[in-house]
Structures are given as C-alpha cells and as structure tokens.
Student: 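Okay, here's the structure, questions in a sec.
Sequence lines set the chain letters: A, B, ... in the order given, protein chains first and strands last, and positions in each chain run from 1. Heavy atoms only: backbone and side chains are in, while hydrogens, waters and symmetry mates are out. Being a predicted model, the structure only gives us computed values, none of them experimental.
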Protein chains: 2
Amino acid sequence: MELHVLFHSVHQLSRQIMKCNNTVLQEYGLYSAQWSVLYVLKQRGRLTQKELSEYLAVEAPPMTRTIQRLVKQGYVRQVPGQDKRVKFIELTELAEREYPVWEQAVLEMNEKTIRGFSKEHQQQLQKLMTEWLSAMERHQGEEEKK
Amino acid sequence: MELHVLFHSVHQLSRQIMKCNNTVLQEYGLYSAQWSVLYVLKQRGRLTQKELSEYLAVEAPPMTRTIQRLVKQGYVRQVPGQDKRVKFIELTELAEREYPVWEQAVLEMNEKTIRGFSKEHQQQLQKLMTEWLSAMERHQGEEEKK
DNA sequence: CTCCTTTAGTTACCTAGGTAACTATTTTTC
DNA sequence: GAAAAATAGTTACCTAGGTAACTAAAGGAG
C-alpha cells in the first residue's frame, strides 16, 4: 500500500472540491472559507469566534480574517459579549435575505461535484474518513499526554 | 447524505496530513510541497516543469515557486533543453545524498499518520477516492467539449 | 518567408491555512 | 486582594495553491 498515493489522493480531492465551490461562489463575491462560516451560522445561529473555529477545525487567525472580510461585506456582525474578551458572530439581515440564493447555487454545484459517485460509495467514504480522522485525533491526544 | 460533511472531512483530512508532514520535514528545512517534488524526481528521474506539475496535479506557477526554492537550497538543478522553452529539473548530488534521511523520517511520520486505520480500510479508501476523482475528471472533460 | 497560434515558464496578485508573538480580559492561586 | 496563569482575539509573517497577464520560443497556415 503506497501511502504517498493515498495522501496525494486526499489532497487532490480537497483541492478539486474547493475549486468547484469557488467557481460558483465567485458569482456572489464569496469564497469557500467565507461560505463555510455563513453556512455554520445559518445552521447554528450566533456563535463566538472560538466556537466557529473549533467547529470548522480552523485556527483562530484564519477565522479572524474570514470574519473581518464578511463584516466588511456586510454579511456578518460582531457582537461583544458580557465577557469582554469574546465576540459573538451573527448573520446580518442582508445575509439572511441572500442566503437562499447562495444555498441554491452551492447545492447545484455540490450535485455536479459528486455526480457519477454513488450514494452508497459516498457513505462508505464518509465512514472511512471519519474513522481515520478520529484515529488521528485519538493519537494526538495521547501525544499531548506525554 | 450531507455533502457538506463529506467535503469537510476530505478537507480536514488533507490539512491534517500536510500538517504532520510539515512537522517532520521542518527539521530538514523542507516543506511538504518541496518534498513531493523531491519524491517524484527520485522516482522518475529528470523531468520538465510541465511534467512535474501535471504529475502532481498542480498549476505551473506554484511549481515554479517550489522549484525556485529548491534551487536556492541547492537540492535541484534546472537544465535547459534543446527546445529552449523547457527546463529539465533534476536532483543535485547533495539531494541524492540527503534523500535517504528525509525518506526515513517521512516514512516514520506516515506510519504515525495512518496508525489505527487498518490496511484494508486504507485500500477501500484509496479505491473510493480514485473512483471519485476519475468521475470528476470525466465530467470536466465533458464540460470542456461543449 | 511571414504572420498567427500554441506552448513552457514566469510574474503579480489573490484566497486558505498555519505558527509565534502580542493585547486585553477573566480566572486561579496563594 | 494581588500576582500568576489561562483564555479570546488580533497582528505579522510563513507556505500552498489558484487565476490572469505576460515573455519567449516553436510550429503551422497562408
């Protein structure tokens, strides 16, 4: 089993997916990282930046940048919390209004991205990746204990 | 089936793998993109930049940058071809000498990265990803025909 | 032979994500 | 209660990869 090949396939798949997403999102002046934030906020409602970056498994600095750009575009608001360190992030009315259009476009693109790859195989793939990811996490946890 | 989740898993896996690779490579002043070039050159021998970027499925500009850095570090040489547009890339003696050490370190890290994820599942995963990638490629080909 | 098109590589500029070092607020500890 | 440690977020700087626009060399069509 050539691990190089396996790693390369994962990497390439990741880039292809992001590329597809970006081509559809650019029509609306958005990029994939921004979309993922908007998507999470729509599902979960108002979250702190910490919660957002944990949920999306991204470090704090990139999250700060993505949010700042969304603020500049008027799609997101930073609300200071009682604890003056935290900032709650929420969608603006503008974003709520535009969201359905974005979602529609993204869903269509997702359809294209996955076309020719059966539902059954999608599920198998999902299961395998989840398993691998949790194995890695388990591992990192053990490393940190030392 | 939530495609968002599937895409997110691929993306996260890709980042985790690169992170692992970088932590081991940084001891030798290398980064994952550079390593992948060195690896291909070791396997295939002298290649043009075009061939390299096609093989690694990366656009020409990032490849130019990665190679320029490797040249600066003295690990790679650009040899002009008969066709004066092309540049052949080959490992230097220095790189050939260091290669086994790098390889050893990378192999150990790969071991760690995959630990807890069975050989059988690795194969299943590889098969599924290859299938998906080729479905995407098939698609893109059709799009371009239009 | 000349002009047009294609091709290999580079440059400039963009997003995505990472680490290290920092500020400003809690929380903990003594 | 004051000093120390932890936490949320930001800033600066790095790699990885993408597109668009460019240069220079090769090929083709007339």
Side-chain angles (χ1 to χ4, degrees), chain A residues 7-8 10-26 28-37 47-73 76 78-89 140, chain B residues 7-8 10-26 28-37 47-73 76 78-89 140:
Chain A
F7 294 172
H8 184 250
V10 174
H11 194 52
Q12 204 177 329
L13 216 40
S14 167
R15 277 158 50 216
Q16 288 293 327
I17 291 168
M18 193 187 293
K19 204 169 163 182
C20 288
N21 275 326
N22 279 333
T23 56
V24 68
L25 287 168
Q26 79 173 12
Y28 307 99
L30 290 172
Y31 287 87
S32 65
Q34 295 175 291
W35 166 251
S36 64
V37 168
L47 291 174
T48 67
Q49 292 193 201
K50 187 83 207 293
E51 289 167 330
L52 269 171
S53 61
E54 271 172 6
Y55 192 79
L56 292 171
V58 156
E59 299 300 319
M63 187 50 69
T64 294
R65 279 193 299 271
T66 302
I67 287 170
Q68 284 174 346
R69 240 184 312 162
L70 284 169
V71 168
K72 203 172 284 178
Q73 289 175 281
V76 132
Q78 290 175 307
V79 181
Q82 273 188 318
D83 181 336
K84 285 173 189 169
R85 290 171 303 179
V86 316
K87 296 181 179 176
F88 286 96
I89 311 298
Q140 281 184 341
Chain B
F7 295 171
H8 184 251
V10 174
H11 194 51
Q12 205 178 327
L13 217 39
S14 167
R15 277 160 47 217
Q16 289 293 328
I17 292 168
M18 195 186 294
K19 205 168 160 181
C20 289
N21 275 325
N22 279 333
T23 55
V24 67
L25 286 169
Q26 79 174 10
Y28 308 99
L30 290 173
Y31 287 87
S32 67
Q34 295 175 294
W35 166 251
S36 64
V37 168
L47 291 174
T48 67
Q49 291 192 204
K50 189 80 207 293
E51 288 167 330
L52 269 171
S53 61
E54 271 173 7
Y55 191 79
L56 292 171
V58 156
E59 299 299 320
M63 187 48 70
T64 293
R65 277 193 299 271
T66 301
I67 286 171
Q68 283 174 348
R69 241 184 311 161
L70 284 170
V71 168
K72 204 172 284 178
Q73 289 175 281
V76 132
Q78 290 176 307
V79 181
Q82 272 188 319
D83 180 336
K84 285 174 188 167
R85 290 170 305 181
V86 316
K87 297 182 179 174
F88 287 96
I89 312 297
Q140 282 183 341

Student: Rounded to whole angstroms, how far apart are CD on A:Gln82 and C1' on D:dT7?
Tutor: 17 Å

Student: On DNA chain C, compare the nucleotides closest to A:Tyr31 and A:Ala60; which residue's is nearer the 5' end?
Tutor: A:Tyr31

Student: Kindly point out which of C:dT11, C:dG9, C:dT25 is positioned nearest to the side chain of A:Asp83?
Tutor: C:dT25

Student: Take the protein atom CD of B:Gln68 and the nucleotide atom P of D:dT15, then report the distance between them rounded to whole Å.
Tutor: 13 Å

Student: How close or far is atom C1' of C:dG17 from atom CG of A:Leu52, stated in whole angstroms?
Tutor: 16 Å

Student: Let me know the distance between CZ of A:Arg85 and P of C:dT27, rounded to the nearest Å.
Tutor: 6 Å

Student: Which nucleotide in the set C:dG9, C:dA16, D:dT11 lies at the smallest distance from any side-chain heavy atom of A:Ser32?
Tutor: C:dA16

Student: When you get a sec, tell me which of C:dG17, D:dA25, C:dT26 is the closest nucleotide to the side chain of B:Lys84?
Tutor: D:dA25

Student: Closest-nucleotide mapping onto DNA chain D: is A:Pro61 or B:Ser36 further toward the 5' terminus? I mean the 5' end.
Tutor: A:Pro61

Student: Where the side chain of A:Thr64 is defined as all heavy atoms beyond and including C-beta, which of C:dG9, C:dT19, D:dT10 is the nearest nucleotide?
Tutor: D:dT10

Student: Using a heavy-atom cut-off of 4.0 Å across all strands, would you classify A:Gln26 as base, sugar-phosphate, or nothing?
Tutor: nothing

Student: Compare the minimum distances between each of C:dA12, D:dA12, C:dT15 and the side chain of B:Arg65, then state the nucleotide with the smallest one.
Tutor: C:dA12

Student: The side chain of A:Lys50 lies closest to which of these nucleotides: C:dT10, D:dG9, D:dT10?
Tutor: D:dG9

Student: For DNA chain C, whose closest nucleotide is more 5', that of B:Gln49 or that of A:Asn22?
Tutor: B:Gln49

Student: For A:Glu59 and D:dT7, what is the distance between atoms CD and C1' respectively, to the nearest whole Å?
Tutor: 15 Å

Student: Could you work out which one of D:dA16, D:dA26, D:dG9 sits closest to the side chain of A:Val86?
Tutor: D:dG9

